[in-house]
Amino acid sequence: MPTIPRQPPPVVVARAVIVYQEKPRKPWRLWAFTAVLVALTIGVVLGQTVAFEPTYRSTANAQTPAPADVIQSLPSTAPAWPDEAHRLTAPLGTIKTRTLEVAATSATVLHVRSADLGDKLFDIATIDRSAVPKLTDTKAAAKVDLTKTGEAGTIGAEIQLNAKVAWTLKLTGGTSEQNVDMQAGGAKAITLAGGTAHAVLQLPPPTGTVRLSVAGTIGELSVRRKTGTAVRLKLTSGAKSATVDGKTQGEVKPGTLSSPDYKTAKNRYDVAISGAVSALVAETF
């Protein structure tokens with residue numbers, strides 16, 4: 001039997017492939033990193049916002065600071081007006097009647113009024129520093145004059161008279177304006193002399209017959225009295241125009257104008273006008 005040579009066993013060639021599978025990483029580390037990054041970003045943004053955020057305050061309590069270049073005004077230290085040098089007063093005492101003459105020959109404006117002055121007889125003050133008042137007082141009367149000081153201004157006076165006193169008032173200096181307001185009482189007699197551009201008499205209810213005298217050239221004269229008060233106007237030189245209780249006349253000749261009830265009235269005003277008058281008005285209020 002023939003011998004069959006023995007074949008060597010077949011060589012099996014095998015390739016081993018090793019697959020390495022990485023274990024999945026835990027995701028929390030990534031999340032933590034992301035969270036830290038986000039937190040840092042938010043912190044930066046908020047910090048910048050707060051740094052530039054304007055501060056709002058309540059307007060009720062807030063005080064607006066003055067600009068650095070503005071100088072705050074200081075309180076005025078000017079003395080009260082009138083001062084002692086430009087003012088005259090006198091005590092009332094037991095005086096019931098009194099005569100006051102204002103001989104302000106250099107005055108421009110005179111304002112006289114009666115008022116409740118308490119224990120003062122009168123209170124006289126110049127309008128400004130252009131004049132000072134000078135008083136000459138006697139038993140018969142008090143006389144006031146205004147002396148120029150040389151300072152610029154309006155030479156004139158504000159004169160207050162105690163309304164409890166029966167006053168005989170005489171304004172003997174020529175002025176541009178005379179305003180006599182005795183509505184509070186105290187008008188016993190009034191004389192305007194020397195002339196004026198504009199004169200106003202505001203009168204209280206009279207007791208008996210109260211006589212008023214107006215002399216000198218008058219531009220405009222207004223006589224005002226309480227409603228129901230009788231008045232008579234005696235014009236020595238006439239007037240260019242006259243209005244009595246709403247009735248106007250032009251080129252009034254010398255003569256008398258009166259309210260209808262003058263003759264029968266017990267309490268009334270009798271006004272004698274001896275100077276030339278451009279415009280006369282007698283009215284009630």
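Using modelled atom types, no side-chain atom of Ser222 and backbone atom of Val200 make a donor-acceptor pair closer than 3.5 Å. For the pair Asp181 (side chain) and Gln183 (backbone), a donor-acceptor distance under 3.5 Å is present. The backbone N or O of Tyr262 sits less than 3.5 Å from a side-chain atom of Arg268, completing a donor-acceptor pair. Using a distance-only test at 3.5 Å, with no hydrogens or angles considered, a donor-acceptor pair links the side chain of Ser259 to the main chain of Val231. Between the side chain of Thr149 and the main chain of Arg129, a donor-acceptor pair closer than 3.5 Å is present.
Residues meeting the side-chain hydrogen bond (donor to acceptor under 3.5 Å, both in side chains) test with Thr99, sequence neighbours left out: none.
Proximity of Tyr269 to Leu203: side-chain heavy atoms (C-beta onward) are separated by under 4.5 Å at one or more points. Between Leu201 and Leu192 there is a side-chain heavy-atom pair separated by less than 4.5 Å. Under the 4.5 Å side-chain criterion, counting only non-hydrogen atoms from C-beta, Leu235 is in contact with Leu280. Side chains of Val281 and Val223 form no contact here, defined as non-hydrogen atoms less than 4.5 Å apart. Contact check for Asp270 versus Lys234: side-chain heavy atoms found under the 4.5 Å cut-off. Side-chain contact between Asn267 and Thr229: absent, with no pair of heavy atoms (C-beta onward) separated by less than 4.5 Å. Using a 4.5 Å cut-off on side-chain heavy atoms (C-beta onward), Leu146 and Pro133 make contact. Side-chain atoms of Val102 and Ile159, non-hydrogen and from C-beta on, do get closer than 4.5 Å to each other.
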Please walk me through it: do Asn162 and Arg98 pass side-chain contact (heavy atoms from CB on, under 4.5 Å)?
CA-CA 10 Å; Asn162 196 312; Arg98 192 62 170 158; over 6 Å; no
Could you walk me through whether Thr243 and Glu283 satisfy the side-chain contact (heavy atoms from CB on, under 4.5 Å) test, starting with their C-alpha distance in whole Å, then the side-chain angles of each, then the deciding distance to 0.1 Å, before giving a yes or no?
CA-CA 8 Å; Thr243 302; Glu283 59 186 356; over 6 Å; no
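Rounding to the nearest 0.5 angstrom, the gap separating the CG atom in Leu117 from the CG atom in Asp123 is 6.5 Å. Asp261 contributes atom CG, which lies 13.5 Å from atom NZ of Lys266 (distance to the nearest 0.5 angstrom). Of the inter-residue distances, the one linking Leu161 atom CG with Leu169 atom CG reads 6.5 Å to the nearest 0.5 angstrom. Taking NZ of Lys134 as the start and OG1 of Thr147 as the end, the distance is 6.0 Å to the nearest 0.5 Å. Interatomic distance, OG1 of Thr172 versus CD of Glu101, reported as 4.0 Å (0.5 Å rounding). Trp81 contributes atom CH2, which lies 10.0 Å from atom CD1 of Ile127 (distance to the nearest 0.5 angstrom).
Between Ala142 and Asp137 the shortest heavy-atom distance is CB-OD1, 3.7 Å. In terms of heavy atoms, Ala125 sits closest to Pro82 at CB-CG, 3.5 Å. Closest non-hydrogen pair, Ala131 versus Ile155, comes out as CB-CG2, 4.0 Å. For the pair Gly195 and Ile218, the tightest heavy-atom approach, listed with the atom from each and the gap, is CA-CD1, 4.2 Å. Ala230 and Ala265 get closest at one heavy-atom pair: CB-CB, 3.7 Å. Of all the heavy atoms in Phe122 and Leu135, the pair that sits closest is CZ-CD2, 3.9 Å.
Under 3.5 Å, the side chains of His198 and Glu177 contain no donor-acceptor pair of N or O atoms.
A side-chain contact (heavy atoms from CB on, under 4.5 Å) with Leu110 holds for exactly one of Thr175, Thr196, Asn179, Val180; it is Thr175.
One finds a salt bridge joining Asp245 and Arg225 here, because a Lys/Arg side-chain nitrogen approaches an Asp/Glu carboxylate oxygen to under 4.0 Å.
Within 6.0 Å of CG on Asp83 lie more than 12 heavy atoms contributed by other residues, nucleotides or ligands. The neighbour count for Arg232 CZ, taken as heavy atoms of other residues, nucleotides or ligands under 6.0 Å away, is above 12.
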